[in-house]
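Comments concern the structure below.
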Amino acid sequence: MNIYAIPSMKERISGNSYVGRGIVIGKSADAKKAVFAYFIMGRSENSRNRIFIENGDEVIIHPFDASKVEDPSLIIYSPVRKIGNDLIVTNGDQTDTVYDFIKDGKTFAEALNTRCFEPDAPNFTPRISGVMHFSDNDFSYEMNILKSADAEGSACVRMNFAYPAIAGLGHFIHTYVCDGNPIPTFQGEPERTAIPDDIDAFTSEIWENLDANNKISLYVRYIDLATGKVENRMINKHN
């Protein structure tokens, strides 16, 4: 087994009916772009009733049909926010916690030390988060997962990972291993994955290989490290 192999996102997700919500962060192969992607999947009608909406540099999740919302607490949030030279992407309202801590001069890890996995027994969905730190025409990034220590949800495991940005390499963290009842929680460290130069190719690779029944929305951003120019792609299953 080559621990330094760099599988594509197609290899990471194809054939897996339910990886849940996922974050990818990395640098394009030509070393010119900072890249992140965020996607959501859902099994219930409440989870599937969502769309991404852009709001400047930020992304907000809204219900597609407000009349069908059963419980907004875990499905409606801002997954992407920017503050200063930091760009935050998470799978829940911990986005706002991280934003507030950074605003107060504290760190990503300090913010997430105050949070826990989602209270949705028996799944106890992990909270996954990432932050990109931009400086001197380059960046580094951190990823974090908060997950249950046991099947009863009696304690929270907090894991933080810090990465240099390396051309062609990204890291992929997702909430679940695969489908199940209860759904098995993501295990191990964020998975290495290849980051291509072309935003449309990367967007298509992820969207086309997510399970057709369970995928909901995808957002991809490429940021030119020399100029700061931003390219975004957004796909919602519900248009």
Q) Going by the angle between their ring planes, with limits at 30° and 60°, are Y77 and Y38 parallel, tilted or perpendicular? A)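 It falls in the perpendicular class, over 60°.
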Q: Name the orientation class of the two ring planes belonging to F186 and H174 (parallel below 30°, tilted from 30 to 60°, perpendicular beyond 60°).
A: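 Perpendicular, since the angle between the ring planes exceeds 60°.
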Do [X]'s NZ or CZ and the ring of [Y] fall within the cation-pi criteria of under 6.0 Å and 45°?
{"X": "K106", "Y": "F101", "answer": "yes"}
{"X": "R127", "Y": "F117", "answer": "no"}
{"X": "R192", "Y": "Y4", "answer": "no"}

Atom pair [atom1] ([X]) and [atom2] ([Y]), whose distance is rounded to the nearest 0.5 Å:
{"X": "D100", "Y": "I83", "atom1": "CG", "atom2": "CD1", "value": "8.0 Å"}
{"X": "E208", "Y": "T203", "atom1": "CD", "atom2": "OG1", "value": "10.0 Å"}
{"X": "R221", "Y": "I199", "atom1": "CZ", "atom2": "CD1", "value": "9.5 Å"}
{"X": "N85", "Y": "S135", "atom1": "CG", "atom2": "OG", "value": "7.0 Å"}
{"X": "I235", "Y": "S204", "atom1": "CD1", "atom2": "OG", "value": "6.5 Å"}
{"X": "M143", "Y": "T90", "atom1": "CE", "atom2": "OG1", "value": "11.5 Å"}

Q) Are the side chain of R115 and the backbone N or O of L146 linked by a donor-acceptor pair below 3.5 Å? A)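 Pair absent, no side-chain N/O of R115 close to backbone of L146.
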Q.
Between R158 (side chain only) and A109 (backbone N and O only), is there a donor and an acceptor less than 3.5 Å apart?
A.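 Here the side-chain-to-backbone pair does not exist.
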Q. Same cluster or not: are V157 and F161 linked, directly or through other Ile, Leu, Val, Met, Phe, Trp or Tyr residues, by side-chain heavy atoms under 4.5 angstrom apart?
A.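 Yes, one cluster joins them.
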Q | Derivation and outcome, side-chain hydrogen bond (donor to acceptor under 3.5 Å, both in side chains), residues Y219 and N232 | A | CA-CA 7 Å; Y219 189 86; N232 300 320; 3.0 Å; yes
**Q.** K147 and its side-chain contact (heavy atoms from CB on, under 4.5 Å) partner, picked from P126, C116, C156
**A.**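 Passing option: P126.
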Q: Begin with the C-alpha distance, continue with both residues' side-chain angles, and end with the deciding distance and a verdict on side-chain hydrogen bond (donor to acceptor under 3.5 Å, both in side chains) for N49 and D65.
A: CA-CA 6 Å; N49 181 35; D65 183 344; 5.6 Å; no
Q | Check: H171 ring centroid to Y163 ring centroid under 6.0 Å | A |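 Ring-ring flag for H171/Y163: true, centres closer than 6.0 Å.
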Q | Lys/Arg N to Asp/Glu carboxylate O, K27 vs D138, below 4.0 Å | A |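 Salt bridge between K27 and D138, a charged N being under 4.0 Å from a carboxylate O: yes.
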Q: Could you tell me whether D96 and R81 make a salt bridge, using a distance below 4.0 angstrom between a side-chain N and a carboxylate O?
A: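 R81 and D96: salt-bridged.
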